[in-house]
Amino acid sequence: MLLSLLGTAGIAAGLAGAILLVYQSAGAARSDATPVALRPATRLLLSGAVVAMFALELALLTNDFSISYVANHHASTTPFPFNVASAWGALEGSIVLWGLVLAGFTWMVLTHYEKTPDRLGAGALAVMGVIAIFFFGLMITVANPFEVCIEAAQQSCAVSSSWPLSPIDAPAEGAGPNPLLQNHILMAVHPPMLYVGYVGLSVPFSYAISALALRVPGPLWLRRSHRSTLVAWSFLTIGIVLGGWWAYEVLSWGGYWAWDPVENASLMPWLVATAFLHSAIVQQRRNMLQAWNFVLVISAFSLTILGTFLTRSGTINSVHSFTQSAIGPALLGFLALIVIGSFILFSARSHLVSSAPRIESFVSREGSFLVNNLLLTLYAFVVLIGTVYPLLVEAFTGTQVGVGAPFYNRLAVPLTFGLLLIMGFGPITPWGSADPALIWRRTRLPSVLALAAGVAVALSVTRVGWVVLAVVLATFVIASIVGLLVEQVARRSTKTGENRAAAVRKIVGGDTAFWAGQLSHIGVVLVAVGIAFASNLAMHDTVTLSPGDTTEFAGYELIYESPFQYQEPQRLVQGARMTVLRDGAFVASMEPTANFYGGSEASGIVTPAVLSRPDGDLYLTLRDLDSTGVTLTLDTSPLIWLLWFGGITAAAGGFWALWARQRDRADRDEMEVVSV
Amino acid sequence: MSERAKNYVIAVVLVALAAFLAVLVGTSETTEDRVERIGSSIKCPVCQGEAIADSPATMATDMMALIEERVDQGATDEEIIDELLSSFSGAVLLDPPAEGLTLALWLAPLGALILGVVVVAWWRAHPGDEDEDAAPAKKADPRSRKLVGGLIIVGGFAGIVVLAAVLLQEPASPAGGAAALSEIDLAGTSNETMEAVIAANADNPQINGMRLALAERYYEAGDYRAAFPHYLAVAESAGSSDAEATTALIRLGWMAFDGNGEVDAALTLFDQALQISPGSDAALYLKSRVLWCGAGDYDAAAASLEAILEDDAIDPTTAATVGADLEAVLAGEPCQ
């Protein structure tokens with residue numbers, strides 16, 4: 001009861017802070033009068049969110065089953081860190097996390113505003129406040145995580161009340177989290193990463209809306225929000241990669257991406273945010289694509305709300321949609337408000353943003369950015385229509401339309417290869433109008449290397465077309481980037497007489513944003529190669545073995561030693577102990593298991609055993625286990641580590657750019673005080 | 001070497017490498033790849049959104065085995081997919097065809113691509129005023145153009161929605177691409193295909209419906225020998241519904257009598273059927289025939305026929321047949 005009271009008070013304080021912030025900052029945005037102190041309102045919002053999160057965590061850690069969220073999603077046997085992660089393992093708690101992250105980003109916008117107090121910043125804070133009102137409003141109404149249990153059921157709460165002082169009837173023990181969510185450590189980190197990514201996109205959105213409303217569509221809003229966009233993009237990248245990794249390590253089908261609507265929900269904003277990161281550069285450098293940037297940023301934020309709706313409303317049946325709740329209509333309404341409101345504002349201001357200088361030539365950096373944007377938005381559109389169309393058809397007609405991997409692969413694979421190709425050309429192409437001879441000079445060696453790598457792979461590894469093409473394009477991109485660096489370093493060291501290492505430092509340090517971007521490109525390229533290998537060259541088999549039996553698979557020798565079983569506080573673990581040999585030498589001992597959490601699922605949650613080696617993973621999944629023998633599925637995932645490594649590299653590029661930006665911020669702030 | 005000569009050498013090397021690579025890659029798909037590709041285009045009926053190629057479910061692995069068998073037999077992709085979709089309710093094509101309901105799925109990205117290219121081309125041809133601050137009054141024109149553009153987009157969407165609504169009004173036919181596949185339509189499936197599907201799914205209880213349908217075909221054609229194992233499997237399967245088991249037992253009983261003259265076995269099977277479905281008209285009637293014509297037990301035959309007539313819901317034609325038989329039995333006439 002105490003914690004429920006505390007949490008509810010936190011949410012109420014957050015809501016009050018948000019309302020106050022909107023009121024004050026809207027006033028500050030309206031006039032150029034002396035800057036208003038917005039810190040108290042923002043502080044109220046942030047501390048409310050912190051208190052709510054703190055109360056929720058404390059309730060989980062102290063097994064306070066009088067709070068129905070705790071009773072329904074936690075058990076006293078839930079081990080660390082899953083008890084902490086339960087705070088965002090289900091709908092209501094995840095909204096609290098969302099609110100906390102949003103409050104954090106609002107604080108970030110505030111610090112910027114305090115350095116350069118102008119109408120644009122105040123307007124952005126007002127928009128952030130409106131978003132916060134919605135989410136804190138959700139917490140206090142349809143998604144209240146602090147409802148108290150007034151009628152206990154067996155290990156859960158049957159009836160709850162949002163009034164914290166109601167008479168309490170708490171169950172003695174809770175239901176525990178969804179078994180799939182307490183099966184792997186990644187589940188504790190993947191959602192927060194994703195949420196930082198999602199919510200971070202609200203910052204550029206807020207600046208964009210503020211810029212439109214205040215009629216200052218120049219590049220200032222881009223500069224102001226660039227840091228948040230980078231933070232959001234980097235975390236979204238990590239979140240998506242970790243999500244795939246989690247699926248791979250937990251869902252036991254050997255895959256990492258199923259074009260599941262929930263996965264798509266995270267990919268769509270990523271694609272649009274990636275397009276936005278690129279087109280923002282074009283506007284800053286060439287003053288082009290002004291209107292387009294508004295469209296992108298509005299779309300990116302709308303897609304995050306759509307993603308939340310898809311994930312959290314139970315609209316689609318998927319492992320992610322644990323809950324069904326009245327929150328669906330609320331999110332859908334908010335989505336409609338965002339989309340319709342933003343585009344009405346945009347069209348009302350379009351006369352201000354419609355001006356765009358003519359593009360000199362498509363053979364130029366801006367030309368390649370244009371192609372990149374076209375491909376990325378088309379990609380996002382394909383994912384969007386593939387995700388939403390079956391839902392619409394089923395909702396309106398009841399007919400099941402299957403849209404699965406074949407549909408996406410047919411469109412996404414060519415789009416991806418197109419993106420890889422433009423990734424090789426874009427960075428080596430100068431702005432303005434590029435001399436074709438220069439492009440040829442910079443790409444001829446990479447082209448030879450790329451094709452040679454392709455031939456090498458085709459001769460020694462595989463002739464599967466997609467894999468060879470991925471290797472060719474990946475080599476091309478990396479060789480182009482390295483070639484450009486080598487060219488610039490050579491030029492500089494001949495000119496200044498510096499040694500190579502110093503020249504590299506100077507060149508990379510002189511344009512860190514560019515080279516950080518190239519690091520991200522290399523990461524994306526590695527992901528593409530990893531996907532190509534893992535999805536085209538995987539091997540698969542199913543075997544049934546008795547204790548002592550040996551089977552051969554993919555160059556490994558697998559020996560079934562014995563079954564085993566042990567009890568942990570929250571689960572019963574059954575498994576098969578396997579010994580893995582290669583060329584007669586011991587490699588590893590592997591234990592694929594089935595975990596029984598005492599819930600409704602009779603067959604247990606199957607957890608694969610994964611052996612990671614440089615040439616790829618060996619992946620064993622338990623299918624059936626009894627006294628006479630074990631049935632296992634055996635999979636290989638060649639080079640799949642490239643996928644994880646590439647994803648982290650891509651995100652690292654984002655963080656590197658952020659770090660460099662932070663370093664250079666002093667100069668930039670001085671520049672900015674001038675305008676608005 | 002001059003720059004020009006160097007360029008030529010590089011160009012020649014590039015072309016040679018590309019050609020060599022094309023030859024290397026141009027090798028055909030392996031059987032395994034093909035099975036995998038077909039399997040990844042069909043949704044596993046008992047899973048959530050997984051393709052059968054990805055799912056560990058027994059049904060999915062059975063279906064994969066069937067695909068492999070059919071590929072080995074030389075069936076085309078379309079044949080295999082059609083067979084699977086018609087044999088397994090709940091199996092949905094994950095690769096939506098460019099027709100009917102799912103046409104829009106393919107047209108929309110194409111439309112978006114064309115729109116994107118057109119917009120870029122238009123932008124290149126009609127750049128806005130480069131001077132942002134010049135005479136805002138003159139900017140009414142691009143604004144109204146934007147509004148018109150927006151209206152066209154909204155109108156286009158509305159058109160698609162209306163079109164979709166109209167298309168959806170038509171009853172979904174099994175041939176209509178993504179039409180509902182909840183009803184198994186076996187009309188177009190050959191006996192051989194059904195045998196193959198059944199053989200591949202022998203352990204799957206969900207195959208019983210198909211097994212029974214195939215057995216009925218053999219039965220009606222008078223091929224008791226072919227029908228027998230399938231009826232037996234359905235009767236013995238724990239996964240059969242009561243109706244399926246009853247039908248199988250009745251057929252087994254009648255075939256035992258009609259084919260082999262085994263009166264006792266037939267009567268036992270009918271009684272088993274009646275245990276599962278008490279009052280089954282078909283079981284009672286055929287039992288009466290066996291009692292009358294085989295065992296010569298007129299009293300028991302009459303009792304069976306009377307049990308049918310006790311059912312009020314019986315239709316007049318059946319009632320007339322049963323009544324005529326009952327009269328003949330009671331009169332002690334030999335069976336015809």
Side-chain angles (χ1 to χ4, degrees), chain A residues 218 252-255 258 260-261 317-319 343 347 350-352 354-359 362 370 374 377-378 381-382 385-386 389 393 396-407 410-411 440 444-445 447-448 451-452 454-455 458-459 463-465 468-469 472 540 542 606 621 623 633, chain B residues 7 10-11 13-14 17-18 20-21 24-27 33 36-37 40-43 48-51 54-56 61 92-96 101-102 104-106 108-109 112-113 116-117 120 123-124 127-132 136 139-140 142-143 146-147 150 164-165 168 172 178-182:
Chain A
S252 74
W253 52 284
D260 175 279
N317 257 346
S318 125
V319 288
F343 280 102
S347 57
S350 65
H351 59 291
L352 291 175
S354 60
S355 64
R358 180 193 285 268
I359 185 165
F362 282 113
L370 210 58
L374 202 59
T377 41
L378 194 59
F381 181 71
V382 165
I385 192 162
Y389 189 78
V393 170
F396 286 113
T397 70
T399 308
Q400 250 195 316
V401 172
V403 177
F407 169 78
R410 210 173 282 220
L411 295 169
W440 165 245
R444 58 190 182 188
L445 190 59
S447 305
V448 172
L451 288 173
V455 169
L459 285 178
R463 293 186 186 182
V464 174
V468 175
L469 191 55
V472 168
H540 177 84
T542 304
V606 173
T621 316
R623 290 300 165 211
T633 49
Chain B
N7 277 339
I10 291 173
V13 170
L14 273 180
L17 280 172
F20 185 43
L21 197 56
L24 285 177
V25 170
T27 48
D33 296 339
E36 182 77 17
R37 186 169 48 76
S40 63
S41 70
I42 293 173
K43 181 182 169 290
Q48 285 191 342
E50 268 178 310
D54 299 326
S55 170
T61 46
V92 178
L93 195 57
L94 286 175
D95 194 4
L101 257 184
T102 45
L105 268 174
W106 295 101
L113 177 65
V117 171
V120 169
W123 176 52
R124 180 152 159 78
D129 200 329
E130 302 208 9
D131 185 1
E132 269 184 57
K139 301 282 178 68
R143 182 177 172 179
K146 286 235 154 126
L147 274 175
L168 298 176
L181 290 157
S182 54

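Reminder, nothing fancy here: chain letters follow the sequence lines and each chain counts from 1.
Looking at A/L370, only its side chain comes within 4.5 Å of chain B, counting heavy atoms on both sides. In this structure, chain B has a heavy atom under 4.5 Å from the side chain of A/R623, while its backbone stays farther away.
Here the closest non-hydrogen pair linking B/A104 and A/Y389 is CB-OH, 3.9 Å. The heavy-atom pair separating B/L17 from A/V448 by the smallest distance is CD1-O, 3.7 Å.
Counting heavy-atom pairs closer than 4.5 Å to chain A, the top residue among B/S41, B/G116, B/S40, B/A108 is B/A108. When the candidates A/L469, A/L459, A/V382 are compared by the number of heavy-atom contacts under 4.5 Å with chain B, A/L459 comes out ahead. Ranked by heavy-atom pairs under 4.5 Å with chain A, the first of B/V120, B/T61, B/V117, B/L105 is B/L105.
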Exercise for the section: List the steps and the verdict of side-chain contact (heavy atoms from CB on, under 4.5 Å) for A/F381 and B/L113. Expected result: CA-CA 10 Å; A/F381 181 71; B/L113 177 65; over 6 Å; no

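Of the inter-residue distances, the one linking A/R444 atom CZ with B/L14 atom CG reads 10.5 Å to the nearest 0.5 angstrom.
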